[in-house]
*Asks:* 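What follows is a single structure, and I will ask about it in a moment.
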Amino acid sequence: MHKYFAKTRILGKKLHYLTQCHSTNEEMMSLIENGVADEGHLIVAGYQTGGKGQRGSSWESAPDQNLLFSILLKPNFLTPQRLHVLNVAVAVALNRAVNKLLPAHQVEVKWPNDIYVDGIKVAGVLIESSISNQVDEAIVGIGLNVNQADQLPHGACSLKSVVGKDFDLGEVLQVILEHLEEAYLELKESGSKRLLYDYHQVMHWRGEIHEYEDKYGGVFTGEIIGINDQGQLMMKQEDRLVSYDVKHIKFLN
Amino acid sequence: MKAKEIRDLIDFISATGLEEVNIETEEFKIKVKRTPNQTAASAPAAAPVVAAAPAPQPSTPAQAAPEAAKAAPAADAGTITIKSPMIGTFYDSPNPESGAFIKVGDMVKPGDTVCIVEAMKLFNEIESEVSGKIVKVLVENAQPVEFDQPLFLVEPA
């Protein structure tokens, strides 16, 4: 693994590599509590015993085959209500990075922030922030399947399973960090407009008719229009426009 | 505003327990008033009085929601209210297996995490800005919350 990411200005200038840990987001939290983590601090794990997905769900990965890392950001230029644009920036950056690594494939963002290659999940993001009256810190945790080709969890793929060759983990990480930094600085300096546009361009199932399940278990047909100014999914159902939160809708087929 | 959107708005407002809500934007003006002494069980959709001007642009209930939340009743005398900084889902614990961050009777100080509000897979630890004793938890675990919705009442120390 590279020790120094020459092409970035902020991200990954300080790196902790852990062969094994519970969760890189949790490791970052303890560094923050001890006051030793600056913006851009990177923690990479070879293997996670308690990788976090969405609340209560886990992220599984074989040792030293995939990328599991957390980056510390201090987006104090965002109000808590606007924090979802950080999700947009990270998803767009990760999408661009995977697209660069797999140029011949369709790379999309499944709302809110999973990355899909040819319709199958390859990466997930979990952002944890702390808010007082402003956003103090945001820990961006990313899990990307890279060289794991066997025993991938159901409904998941890896860079290798898509193209049949191995990738250098350090190089893949470098590509992701470059794109993350570019998107983050764009958000900070120019705002979210172009990032939101790009997000909509690569949104999985947008503009198509698909089946979804609501929180009561009811199945319905709808068309994704995009996200609203709170990051919620906007869906056209017959002639109505309905907004959904993450827990309230499931993508079926 | 379409009839369905007005119905959704009324449903939303009746669920909050507010007495009266006035929302005015460039496109429309709406006033919803609840008859006092009414219990939640008695047909909430029929009770509020609605007056809405025609709107050229459709407006979703989600957009109207933060306006409604701002009108939340004032806190009990002498207490400070900790409010939600964003729309999302309220969690009282760091993860489903562990206990609550704080409960009634606990002391908090600035910087202490009081809850998590999750929005679009962003998990936000909300820190107290005040010192004092928690006297009331106003929302239940896993309940949806609006921007500015009161979450905790704190008796200042």
Side-chain angles (χ1 to χ4, degrees), chain A residues 23 25-26 29 32-33 50 52-58 78-88 90-91 110-114 124-141 215 227-234 238-248, chain B residues 1-5 7-8 12 57-66 69-70 82-98 101 108-130 141-148 151:
Chain A
S23 133
N25 272 22
E26 282 182 16
M29 276 177 205
I32 293 168
E33 275 164 28
K52 285 184 177 178
Q54 269 197 72
R55 194 178 170 87
S57 64
S58 61
L78 294 175
T79 61
Q81 289 163 275
R82 290 250 310 141
L83 191 54
H84 76 90
V85 296
L86 184 64
N87 231 348
V88 168
V90 169
K110 178 182 170 262
W111 175 83
N113 57 15
D114 286 332
V125 179
L126 178 73
I127 304 181
E128 294 180 275
S129 83
S130 67
I131 294 169
S132 48
N133 57 350
Q134 59 166 27
V135 182
D136 299 323
E137 285 116 10
I139 303 170
V140 179
K215 63 176 165 178
I227 57 170
N228 66 14
D229 58 7
Q230 289 163 337
Q232 294 171 318
L233 188 70
M234 282 192 301
E238 292 162 12
D239 61 341
R240 296 188 306 141
L241 207 54
V242 187
S243 302
Y244 289 95
D245 212 322
V246 176
K247 297 284 159 50
H248 301 159
Chain B
M1 255 186 142
K2 289 178 190 159
K4 169 74 178 95
E5 288 166 356
R7 274 204 306 277
D8 286 347
F12 171 78
Q57 295 288 319
S59 174
T60 63
Q63 284 167 327
K70 275 180 195 157
I82 299 178
K83 294 174 180 175
S84 180
M86 53 174 47
I87 185 170
T89 305
F90 172 91
Y91 291 112
D92 64 4
S93 67
N95 56 65
E97 294 85 47
S98 47
F101 287 109
V108 291
K109 57 182 189 311
D112 285 355
T113 300
V114 292
C115 65
I116 284 175
V117 175
E118 188 236 312
M120 307 318 128
K121 263 172 91 180
L122 268 156
F123 290 78
N124 306 289
E125 290 193 346
I126 310 304
E127 296 173 358
S128 175
E129 292 172 53
V130 296
N141 190 40
Q143 183 187 319
V145 290
E146 298 295 335
F147 169 64
D148 243 11
L151 304 176

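Chain A is the first sequence line, chain B the second, and so forth, proteins listed ahead of strands; every chain is numbered from 1. Computed over heavy atoms, backbone and side chain alike; hydrogens, waters and symmetry mates excluded. These numbers were taken from a predicted model, which means no experiment stands behind them.
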*Asks:* Which value, rounded to the nearest 0.5 Å, describes the distance between B:K121 atom NZ and A:L126 atom CG?
*Replies:* 7.5 Å
*Asks:* Please name the pair of heavy atoms, one in B:L122 and one in A:H84, separated by the smallest distance, quoted to 0.1 Å.
*Replies:* CD1-CA, 3.5 Å
*Asks:* If I measure from the heavy atoms of chain B, does A:V125 come under 4.5 Å with its side chain, its backbone, both, or neither?
*Replies:* backbone
*Asks:* Between A:E128 and B:I116, does the side-chain contact (heavy atoms from CB on, under 4.5 Å) criterion hold? Intermediate values first, please.
*Replies:* CA-CA 10 Å; A:E128 294 180 275; B:I116 284 175; 5.8 Å; no
*Asks:* For a side chain to side chain contact (heavy atoms under 4.5 Å, CB included) with B:E127, tell me which candidate from A:I131, A:N133, A:D136 qualifies.
*Replies:* A:D136
*Asks:* At a heavy-atom separation under 4.5 Å, does A:P80 approach chain B through its side chain, its backbone, both, or neither?
*Replies:* both
*Asks:* Look up atom CZ in B:F123 and atom CG in A:N25, then write down how far apart they are to the nearest 0.5 Å.
*Replies:* 10.5 Å
*Asks:* Report yes if some heavy atom in the side chain of B:M120 is under 4.5 Å from a heavy atom in the side chain of A:I227; otherwise report no.
*Replies:* no
*Asks:* Within this structure, what is the CD-CD distance for the pair B:E146 and A:Q230, rounded to the nearest 0.5 Å?
*Replies:* 7.5 Å
